[in-house]
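Protein chains get the first letters and strands the later ones, always in sequence-line order, with residue 1 at the start of each.
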Amino acid sequence: MAINRRTFLKAAGLTTLAGVAGHAAMELLAPGALEASGAPKVGEYPEALTAKRWAMLIDTEKFTTAQVYQKCIDACHVLHNVPHIPGDQEIKWLWTDSFKHVFPDQQHALVPERIKNQPFMALCNHCDNPPCVRVCPTKATFKRDDGIVMMDMHRCIGCRYCMAGCPYGARSFNFWDPRPFIENIDPYYPTRMKGVVEKCTFCEDRLAKGQLPACVEASEGALIFGDLANEDSEVRRVLRERYSLRRKPSLGTDPHVFYLI
Amino acid sequence: MYNAGKIIPGLVIFLGLVTFPFWSNIGRAAFEAPELVFPETEEECVESGDWMRANHMILLDDWRDLAVRDNLRLYSSETGKRFDMSLTKTCLSSQCHANKDTFCDRCHDALAIAPHCWDCHVVPSIGEE
Ligand code: SF4
Ligand code: SF4
């Protein structure tokens with residue numbers, strides 16, 4: 001029997017109705033049974049730290065020598081199994097550089113000596129308009145709703161478009177298996193494999209369990225971390241009171257790491 | 001039949017090739033599931049043993065995507081027990097399958113499967129692998 005459009009629509013309507021009624025009847029007779037037979041539940045830790053927009057402030061008055069920074073760098077690199085590879089193929093999540101390299105467009109002849117000569121800490125800026133995300137062909141790097149620019153190492157194909165896209169040099173490529181270059185491997189954080197890109201993740205896995213980023217914890221107050229969208233947060237209070245700089249603001253990437261001067 | 005001299009030997013060769021997996025296995029020992037060392041202290045896996053045997057790779061794949069991409073890391077099993085959605089911290093922890101070689105590897109080796117998970121995820125008991 002050929003089925004025409006009218007019979008088809010009638011049948012489709014009836015089956016939909018039966019489906020809806022069937023669901024309702026199931027809920028009446030055996031409440032919860034449908035949900036229980038579905039996928040088990042997944043969720044967040046109740047103690048997770050959450051924000052509408054995470055941001056970090058770097059108090060450059062408290063960081064005056066490379067040694068002070070080293071504590072934060074070590075905390076980060078040890079925790080995340082970041083290999084120590086000497087030379088220009090180094091892997092870095094958190095590092096220091098000179099004023100003229102960190103702020104190339106904010107220089108003039110009369111920059112105070114203190115500023116000109118002190119090292120500045122650098123890391124991924126978790127930009128609001130991140131070019132690295134825009135150019136990644138596999139969405140291995142992506143921006144979360146809370147502003148964290150994430151790396152999904154499982155999906156990275158190592159094309160390094162993101163490295164070309166990032167104007168801050170915040171990403172490193174693994175040319176080698178990093179394990180021989182890690183002094184003490186922490187088994188509770190993965191190492192990377194050869195051929196993927198990595199960078200700072202604002203310790204998103206620690207935030208998920210209610211802890212602040214490792215560098216912030218190690219900094220003894222010199223790094224401030226919080227929700228920029230919340231007017232009462234410490235980051236907002238400090239930004240109201242102190243003068244701050246961001247890296248290469250003219251590029252329009254909208255960095256969310258602020259340097260308190 | 002036209003060209004019977006070519007068609008019939010051709011068919012014989014074709015059938016021989018297609019059935020190769022069957023007759024080449026005649027006389028070989030049947031596949032035997034390897035003997036696994038189960039956790040001593042932990043009684044309950046994330047889900048039932050049968051389910052895990054069939055689906056552990058799907059579960060791990062889901063965990064990976066949920067944790068990395070959706071920031072969801074707490075899993076409630078059928079029995080309501082809660083687990084950290086982490087291969088290293090949960091599955092490979094000392095109470096469970098810290099013995100990767102006598103649990104994971106035995107099956108994977110028997111089936112000639114080499115998952116890439118361990119290229120990045122470290123086996124805690126070994127520290128480095
Ligand atoms: S600093 Fe670079 S890697 Fe980080 S979000 Fe911005 S563009 Fe991407
Ligand atoms: S190297 Fe990886 S993260 Fe970077 S653009 Fe290519 S696939 Fe994306």
Taking all atoms of both residues into account, what is the closest heavy-atom pair of [X] and [Y], and its distance?
| X | Y | result |
| --- | --- | --- |
| A:P187 | B:P124 | CB-CA, 3.5 Å |
| B:Y75 | A:V42 | CD1-CG1, 3.7 Å |
| B:N71 | A:A208 | OD1-CB, 3.8 Å |

Using non-hydrogen atoms and a 4.5 Å limit, figure out which bit of [X] sits close to chain B: side chain, backbone, both or neither.
| X | answer |
| --- | --- |
| A:M151 | backbone |
| A:M150 | side chain |
| A:D205 | both |

For this session: Please check if the side chain of A:R179 supplies one atom and the backbone of B:D119 the other of a donor-acceptor pair under 3.5 Å.
Result: yes

Looking at [X], I want to see if its [atom1] is surrounded by more than 12 non-hydrogen atoms of other residues, nucleotides or ligands under 6.0 Å.
| X | atom1 | answer |
| --- | --- | --- |
| A:K52 | NZ | no |
| A:K139 | NZ | yes |
| A:E47 | CD | yes |
| A:Y161 | OH | no |
| B:F31 | CZ | yes |

Drop me the distance from [X]'s [atom1] to [Y]'s [atom2], to the nearest 0.5 angstrom.
| X | Y | atom1 | atom2 | value |
| --- | --- | --- | --- | --- |
| A:Y189 | B:C120 | OH | SG | 10.5 Å |
| A:H154 | B:C117 | NE2 | SG | 7.5 Å |
| B:R64 | A:D152 | CZ | CG | 7.0 Å |

For this session: Count the heavy-atom pairs under 4.5 Å between each of B:L87, B:D65, B:L92, B:V68 and chain A, then report the option with the highest count.
Result: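 Heavy-atom pair counts peak at B:V68.
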
For this session: For side-chain contact (heavy atoms from CB on, under 4.5 Å), just list the numbers for B:L74 and A:E44, CA-CA rounded to whole Å, side-chain angles, deciding distance to a tenth of an Å, and then say yes or no.
Result: CA-CA 6 Å; B:L74 203 53; A:E44 282 178 38; over 6 Å; no

Exercise. Most heavy-atom pairs under 4.5 angstrom with chain B, which of A:R155, A:M153, A:R192, A:M193?
Worked result: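 Among the listed options, the one with the most contacts to chain B is A:R155.
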
For this session: Give a yes or no on whether a salt bridge exists between A:K41 and B:E78, defined as a side-chain N under 4.0 angstrom from a carboxylate O.
Result: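 The answer is no: the pair does not qualify as a salt bridge.
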
Exercise. Between B:D84 and A:K209, is the closest basic N to carboxylate O distance under 4.0 Å?
Worked result: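 Result for this pair is yes, salt bridge flagged.
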
Exercise. Do B:R69's NZ or CZ and the ring of A:F142 fall within the cation-pi criteria of under 6.0 Å and 45°?
Worked result: yes

